[in-house]
Amino acid sequence: MTLGNSSLKWRKNLVGVFYWREMQMDYFTRTRVKEINSGQKVDQEVIILGWARTKRVSKNVGFVEVNDGSSLHNAQIVFSPPGDFPELERIITGTSLRIVGKVVKVEGREQAYEVHADKLEIVGECLHDYPLQKKRHTFEFLREIAHLRPRTNTFGVVNRFRSKLSHCIHEYYQNRGFYYIHTPIITTSDCEGAGDLFQVTTLPLEELADQKKKLDMNEDFFGEKAYLTVSGQLEGELLCSALGDIYTFGPTFRAEQSYTTRHLSEFWMMEPEMAFCDLDEMIILIEDFLKHLISFSLENCEEEMAFFNRWIDKGRQKVLQSIIESDFAKITYTDAVKILEKANRDFEFPVGWGRDLQSEHERFLSEEYFKKPVFVTDYPRDIKAFYMRVNDDEKTVRAVDVLVPLVGEIVGGSQREERYDYLKNNMLQQGLDIEEYQWFLDIRKYGTVPHSGFGLGFERMIMYLSGMSNIRDVIPFPRFPRSAKF
RNA sequence: UCCCCGAUAGCUCAGUCGGUAGAGCAGGUGGCUGUUAACCACCGAGUCGCAGGUUCGAGUCCUGCUCGGGGAGCCA
């Protein structure tokens, strides 16, 4: 294989750790497009490694816009005269290139800097059936070519934003003394109260199906039924009982048959768990945390936010700005029901104390009544999970959901039941096997402390910040029923 | 799992009353211009999602299936 004019002579260096080529791609010495467009390299000779986005060639001058993933913006490469660069003819959108040239500051053009090319090499040709055009594609089409869609403007922006926001989350918690915990992906608890699970097995299913034999789970890999986790919370509680403040941030799996714009079968969730922290204290943290993510986006992701504001959801920036300047709304479930009952509104589903809030109810509260994020607390005990702390009224639990316009529930959390007897009773009432969860009960026996935690849906947060309306478009390779390609 | 909508060129779509297929973009060729979603001319490109039915005749009407989209439930 030939890569442009560079030969592929590899040699081992003296240390024996690195390999490099003599006529290499200049990985370490190339200049990123982002640096060129920020004016750091004016009048210097640079090497650019990237992909052609568009080409315009005439008799006296030609232009190729090159993107290398470092930013939304392309470098404009100028070829003058085009006849000196025969490789130009072979360039179409998608072709990978190595260009050597000089950075020049220009006036009165769309871009402030250009690169006047001295040398052009084609690294990899792009076949003519390349499905990505210079024009806009529908997100539906791009989902079908998820292997190529990262090369588009929107998905470039989304993926860079995802990376920055992940980093921001780690930084936020690390700066506050939280420890990052890796909770298990494989679990044997079959009822964490958060939905259907994917079973993990090494049993030869097709063979067994033919034999019509009764399954002996003792022969499976773990000697019992195992699943992919639906939450790191239970293990998180154990760690928080030792380290004080911890957080998890990893993939989470739900096997529900959900076909909506805000559900995935595999998504990323961030779950902090705080010892000696009650619900009201946690709510202060949640609001500070969410506002931090918003102001981080506005201040440190200008390129991304400007793109979202222009192409995805006009006015997004203004909405976010107004949210960090005001307080979140905060009501109890009981008051929320009263508001909904008085709303004089024909809801499809009835409103009533003891019934769970439906999507349309949540939407009404966050999008119309409060028009901003709202904490809803103290839900009826019967509709919430066994581990939530029971209030003195014995009817409600110290749960909290954060509802936001556009996305719905973005955070769900609670103060945990730290009293051994209460927790045990709840578990019995909900039909859980006490023996299987003895480890979870044990921390209530040995120096129990009030503690609280919540889960933030990472993709939903990205949706909220960006205005992207389908969760399948804020994760590189979405998994949902009947779809796990790429 | 339930309800609604859709599937026509590589992409985005049009296709009237049932009469055998069109545009823009992309690609090719040529031209032109410091161009910038460049522009102009010409060219090639289609088992109209699949299977069956009604009809002299189906992209168009009917049935089933597949796939895609939206909504509901479940939740983050």
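Throughout, a chain's letter reflects where its sequence line sits, starting with A, and its residues are numbered from 1.
- Paired with A:E362 under the rule side chain to side chain contact (heavy atoms under 4.5 Å, CB included), one option of A:V374, A:D356, A:L357 passes, and it is A:L357.
- Side-chain atoms of A:M305 and A:F161, non-hydrogen and from C-beta on, do get closer than 4.5 Å to each other.
- Here, B:C65 and B:U20 have their C1' atoms 26 Å apart, quoted to the whole Å.
- Residues passing the ring pair (Phe, Tyr, Trp, His ring centres under 6.0 Å) test with A:F178, sequence neighbours excluded: A:Y173.
- Per the geometry, OH belonging to A:Y259 stands 14 Å off C1' belonging to B:C74, to the nearest Å.
- Rounding to whole angstrom units, CG of residue A:L142 and C1' of B:G68 are separated by 14 Å.
- In this structure, A:E256 contributes its side chain and A:D196 its backbone to a donor-acceptor pair below 3.5 Å.
- With P as the reference atom, B:G22 and B:U35 are 37 Å apart, rounded to whole Å.
- Contact check, A:T138 against B:U12: a side-chain N or O comes under 4.0 Å of OP1 or OP2.
- Put simply, the side chain of A:K105 never gets that close to the backbone of A:G39: no donor and acceptor are under 3.5 Å apart.
- If you check every strand for non-hydrogen atoms under 4.0 Å, A:H116 touches a base.
- Using atom P as the reference point in both B:C2 and B:G64, the two lie 14 Å apart (nearest Å).
- Closest approach of A:T229 and A:P251 over heavy atoms only: CG2-O, 4.1 Å.
- In this structure, A:R53 reaches neither bases nor backbone, as no heavy-atom distance under 4.0 Å exists between it and the strands shown.
- A:E110 comes within contact range of at least one nucleobase, with a heavy-atom separation under 4.0 Å.
- With hydrogens and angles ignored, a donor-acceptor pair closer than 3.5 Å exists between the side chain of A:S258 and the base of B:C74.
- OP1 or OP2 of B:A37 has not a single side-chain nitrogen or oxygen of A:R56 nearer than 4.0 Å.
- In this structure, B:G6 and B:C67 make a Watson-Crick or G-U wobble pair, each of the two defining distances being under 3.5 angstrom.
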List, with names and distances, any nitrogen or oxygen atoms from the protein found under 3.5 Å away from nitrogen or oxygen atoms belonging to nucleotides 64-67 of chain B.
from, atom 1, to, atom 2, distance (Å)
B:C67, OP1, A:R482, NE, 3.4
B:C67, OP1, A:R482, NH2, 3.2

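- In this structure, B:C61 and B:G53 make a Watson-Crick or G-U wobble pair, each of the two defining distances being under 3.5 angstrom.
- A side chain to side chain contact (heavy atoms under 4.5 Å, CB included) with A:E273 is found for one member of A:L234, A:I246, A:D245 and no other, namely A:I246.
- Here B:G69 is the nucleotide among B:A72, B:G69, B:U36 with the atom lying nearest to any side-chain atom of A:N470.
- In this structure, the nucleotide among B:C75, B:G69, B:A76 sitting nearest to the side chain of A:R472 is B:G69.
- Atom P of B:C17 sits at a distance of 22 Å from the matching atom of B:C13, rounded to the whole Å.
- The cationic group of A:R316 lies under 6.0 Å from the six-membered ring centre of A:Y464 and within 45° of the ring axis, placing it in a cation-pi geometry.
- No side-chain N or O of A:Y113 forms a donor-acceptor pair with one of A:Q40 less than 3.5 Å apart.
- What separates CZ of A:R149 from P of B:G10 is a distance of 22 Å, to the nearest Å.
- Nearest-nucleotide mapping onto RNA chain B: of A:V106 and A:S469, the residue sitting toward the 5' end is A:V106.
- Using a 4.0 Å heavy-atom cutoff across all strands shown, A:E348 reaches no nucleic acid atom at all.
- For A:R136 against B:A37, no side-chain N or O and base N or O form a donor-acceptor pair under 3.5 Å.
- In this structure, CZ of A:F198 is placed 19 Å from P of B:C74, rounded to the nearest angstrom.
- Heavy atoms of A:T93 sit nowhere under 4.0 angstrom from any nucleic acid atom.
- One P atom belongs to B:C5, the other to B:U47, and the distance between them is 28 Å to the nearest Å.
- Contact annotation: A:T260 side-chain N/O to B:G73 OP1/OP2 distance is not under 4.0 Å.
- Of all nucleotides present, only B:U29 satisfies the Watson-Crick or G-U wobble test against B:A41, with each distance under 3.5 Å.
- Here the separation of B:C4 from B:U63, taken at their P atoms, is 13 Å to the nearest Å.
- Between A:F289 and A:F454, the ring planes lie tilted relative to each other; the angle falls in the 30° to 60° range.
- Note on A:R109: every side-chain N or O is 4.0 Å or more away from OP1 and OP2 of B:A38.
- OP1 or OP2 of B:G71 sits under 4.0 Å from a side-chain N or O of A:T261.
- Less than 4.0 Å separates RNA chain B from at least one heavy atom of each of the following residues of residues 125-134 of chain A: A:H128, A:Q133, A:K134.
- Heavy-atom distances to RNA chain B give each of A:F349 and A:S265 a nearest nucleotide, and the one nearer the 5′ end belongs to A:F349.
- Distances shown here put every side-chain N or O of A:N60 at or beyond 4.0 Å from the OP1 or OP2 atom of B:C32.
- For the pair A:R176 and A:Y172, the distance from NZ or CZ to the six-membered ring centre is under 6.0 Å and the angle to the ring normal is within 45 degrees.
- A distance below 6.0 Å separates the ring centres of A:F347 and A:F364.
- In this structure, A:R262 does not reach the B:C74 phosphate: none of its side-chain N or O atoms is under 4.0 Å from OP1 or OP2.
- The phosphate of B:U35 (OP1 or OP2) has no side-chain N or O of A:Q76 nearer than 4.0 angstrom.
- Distance, A:I145 CD1 to B:U12 C1': 13 Å, rounded to whole Å.
- In this structure, A:D401 places its CG atom 10 Å from P of B:C75, rounding to the nearest Å.
- Across the C1' atoms, B:G49 and B:A58 are found 16 Å apart, a figure rounded to whole Å.
- Spacing of C1' atoms, B:G68 relative to B:G24, comes out at 23 Å, to the nearest Å.
- Note on A:I410: only backbone sugar-phosphate atoms sit closer than 4.0 angstrom, heavy atoms only; bases stay farther off.
- Regarding A:F141, its CZ atom lies at a distance of 12 Å from the P atom of B:C13, rounded to whole Å.
- Ring geometry, A:Y180 versus A:H182: the interplanar angle exceeds 60°, so the pair is classed perpendicular (tilted spans 30 to 60°).
- Between the NE2 atom of A:H73 and the C1' atom of B:A37 there is a distance of 15 Å, given to the nearest Å.
- At a cut-off of 3.5 angstrom, the base of B:C75 holds at least one donor-acceptor pair with the side chain of A:H263.
- Counting non-hydrogen atoms under 4.0 angstrom, A:F267 reaches a base of the nucleic acid.
- Here the rule is side chain to side chain contact (heavy atoms under 4.5 Å, CB included) with A:R460, and of A:L465, A:V407, A:V404, A:L406 only A:V407 fits it.
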